[in-house]
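Notes for the one structure printed next.
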Amino acid sequence: MNNIIRKNYPELGEVKAPYVHSVKHGSTLYVSGLTAFGTPAQHKGIVEQAEEIFSQLRKIVRVEGADFSALIKVTIFITSFEEIAALREVLYRNYGPHLPASSLVEISRLFSPDLSIEIEAIFGL
């Protein structure tokens, strides 16, 4: 079990709940669900929130010495499919040629009523 590293990233702000930003097990990095909470994008639409989340993911993988070519899997939780076409554009733009395995799930709500998307990710380092 000593090859498990639990980590928070100061670049993302302080975690005030019972989780860490990521857990690294061997050469796999599991990133907790990220949202735009506490950022200017929090009160904006799904596109702006998704872009904020990808910015956070880029900060994490940069610290870990990787990039989006290491992305293996994402799970995306959204509160509505109404803006799915715009969301897909954001996803394609951020993934580039490195499309991950993916799950997209519509949920009734997230922990804050103004959030419309949460993304968790797995990277191979």
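Computed from a predicted model, the values in this text were never measured in an experiment.
A side chain to side chain contact (heavy atoms under 4.5 Å, CB included) with Ser116 is found for exactly one of Glu83, Gln49, Arg109, namely Gln49. In summary, of the residues considered (Ile60, Ile122, Ile5, Val23), a side chain to side chain contact (heavy atoms under 4.5 Å, CB included) with Leu29 occurs for Ile60 alone.
Under 4.0 Å is where a charged nitrogen must lie from a carboxylate oxygen, and between Lys7 and Glu64 at least one such pair does. Ion pair Lys73/Glu120 not flagged as a salt bridge, since none of the NZ, NE, NH1 or NH2 atoms sits closer than 4.0 Å to an Asp/Glu carboxylate oxygen.
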Run the numbers on Leu91 and Glu89 for side chain to side chain contact (heavy atoms under 4.5 Å, CB included), then give the verdict.
CA-CA 5 Å; Leu91 298 176; Glu89 289 179 21; over 6 Å; no
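Remark: Ser102 OG to Ile119 CD1 distance equals 9.0 Å, nearest 0.5 Å. With values rounded to the nearest 0.5 angstrom, Gln56 atom CD is found 7.0 Å from Lys59 atom NZ. Lys24 NZ to Asn3 CG: the interatomic distance, rounded to the nearest 0.5 Å, is 10.5 Å. Considering CD of Glu118 and OG1 of Thr75, their distance stands at 10.0 Å, rounded to 0.5 Å. Note that CD of Glu48 and NE2 of His43 are 13.0 Å apart. Values are rounded to the nearest 0.5 Å.
Donor-acceptor pairing under 3.5 Å is lacking for the side chains of Asn8 and Glu14.
Side-chain contact between Ile78 and Leu87: present, with at least one pair of heavy atoms (C-beta onward) separated by less than 4.5 Å. Here the side chains of Thr35 and Glu52 are not in contact, with every heavy-atom distance at 4.5 Å or above.
Nearest approach of Ala121 to Leu71, heavy atoms of both residues: CB-CD1, 3.9 Å. Nearest heavy atom pair, residue Ile53 against residue Leu34, reads CD1-O, 3.3 Å. The two residues Arg58 and Glu51 have their closest heavy-atom pair at NH2-O, 4.4 Å. Closest heavy-atom contact between Leu115 and Thr79: O-CG2, 3.9 Å.
The aromatic ring centres of Phe123 and Tyr30 sit 6.0 Å or more apart.
Clustering ILVMFWY residues whenever any of their side-chain heavy atoms sit less than 4.5 angstrom apart, transitively, puts Tyr92 in the very cluster that holds Ile84. Phe37 and Ile46 are not part of a single hydrophobic cluster, where members link through side-chain heavy atoms under 4.5 Å apart. Clustering ILVMFWY residues whenever any of their side-chain heavy atoms sit less than 4.5 angstrom apart, transitively, puts Ile72 in a cluster other than the one holding Leu57. Under the 4.5 Å side-chain heavy-atom criterion for Ile, Leu, Val, Met, Phe, Trp and Tyr, Val90 and Leu110 are members of distinct hydrophobic clusters. No continuous path of hydrophobic side-chain contacts links Phe81 to Phe77 [ILVMFWY only; heavy atoms under 4.5 Å].
When atom types are taken as modelled, the side chain of His21 and the backbone of Tyr9 share a donor-acceptor pair closer than 3.5 angstrom. Between the side chain of Gln42 and the main chain of Gly38, a donor-acceptor pair closer than 3.5 Å is present.
Within a 6.0 Å sphere centred on CD of Glu106, heavy atoms belonging to other residues, nucleotides or ligands number more than 12.
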